[in-house]
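Computed from heavy atoms alone, side chains included, the values below leave out hydrogens, waters and symmetry copies. Counting starts at 1 for both ligands and their atoms, in listed order.
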Amino acid sequence: MEASDVDPVIEISAGLAEAPRWPRAAWERVVSGEAPLRIALVAERDGAVVGFAVAALVAGQAEIESIAVNASAQRAGIGRGLMRDLTCQLQRLGIQALMLEVRASNEAALRLYRGMGFTETGRRADYYAQPVEDAVQMQLSPLAQE
Ligand SMILES: CC(C)(COP(=O)(O)OP(=O)(O)OC[C@H]1O[C@@H](n2cnc3c(N)ncnc32)[C@H](O)[C@@H]1OP(=O)(O)O)[C@@H](O)C(=O)NCCC(=O)NCCS
């Protein structure tokens with residue numbers, strides 16, 4: 001992800017109910033390489049950004065902060081491809097475990113993660129707002145599971 005990707009990334013997020021609504025300044029911190037260390041990827045189709053994924057690295061582990069694919073490009077393997085690229089890059093950095101949190105009702109994301117070998121490690125009750133909902137906590141470890 002580069003500075004020129006920030007606009008399309010914000011646009012993709014705005015069009016998806018389940019995507020994060022980060023302020024522009026947060027995306028600018030991601031592309032400027034501010035701490036924490038992150039891997040931030042975009043997926044392109046016909047030269048246009050259609051998806052993105054961001055993982056933050058903390059204390060030898062990594063956490064997915066954000067992943068989304070434009071509605072018109074979903075179900076074509078782009079989300080899985082982004083996750084695979086992320087895990088490959090994290091593996092090369094010696095990261096042993098990848099964590100994430102997802103809304104309990106987000107069936108598409110849950111299936112994607114389970115299909116990659118993520119397992120449920122816990123729940124945070126009423127973690128999300130609008131609507132209030134539990135977060136499912138998941139982990140992939142080791143990363144070379146798939
Ligand atoms: C979750 C998301 C990133 C998946 O991206 P995608 O490019 O559509 O996913 P893929 O095409 O790579 O699908 C990979 C697997 O995920 C699952 N999946 C993806 N979309 C699904 C859907 N709508 N319903 C059920 N399963 C789905 C399937 O198991 C799929 O494998 P299959 O197509 O072989 O059956 C996308 O739906 C999205 O952007 N959602 C909104 C944002 C979001 O929820 N982010 C996650 C927050 S934790």
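Shown here is Glu44, whose CD atom has more than 12 heavy atoms of other residues, nucleotides or ligands within 6.0 Å. Atom CD of Glu2 is surrounded by 12 or fewer heavy atoms from other residues, nucleotides or ligands within 6.0 Å.
Cluster partners of Val42, by chain and number: Met1, Val6, Val9, Ile10, Ile12, Leu16, Trp22, Trp27, Val30, Val31, Val49, Phe52, Val54. The rule joins Ile, Leu, Val, Met, Phe, Trp and Tyr whenever side-chain heavy atoms lie under 4.5 Å apart. Its side chain within the 4.5 Å cluster rule, Tyr128 clusters with Tyr127 among the Ile, Leu, Val, Met, Phe, Trp and Tyr residues.
Pairing each heavy atom of Ala73 with each of Val50, the nearest pair is CB-CB, 3.9 Å.
Residues satisfying the side chain to side chain contact (heavy atoms under 4.5 Å, CB included) test with Arg29, not counting sequence neighbours, are Ala25, Ala26, Glu34.
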Dump all N/O pairs between ligand 1 and the protein below 3.5 Å as a table: atom names plus distance, one pair per row.
residue  : atom   : partner : partner atom : Å
ligand 1 : 7 (O)  : Gly79   : N            : 2.7
ligand 1 : 8 (O)  : Arg75   : N            : 2.8
ligand 1 : 11 (O) : Arg75   : N            : 3.4
ligand 1 : 11 (O) : Ala76   : N            : 3.1
ligand 1 : 11 (O) : Gly77   : N            : 2.8
ligand 1 : 12 (O) : Gly79   : N            : 3.3
ligand 1 : 12 (O) : Arg80   : N            : 2.8
ligand 1 : 31 (O) : Arg80   : NH2          : 2.7
ligand 1 : 33 (O) : Arg75   : NE           : 3.3
ligand 1 : 34 (O) : Arg80   : NH2          : 3.1
ligand 1 : 35 (O) : Arg75   : NH2          : 2.9
ligand 1 : 39 (O) : Val69   : N            : 2.7
ligand 1 : 39 (O) : Val69   : O            : 3.4
ligand 1 : 39 (O) : Gln74   : NE2          : 3.4
ligand 1 : 44 (O) : Asn106  : ND2          : 2.7
ligand 1 : 45 (N) : Ile67   : O            : 2.8

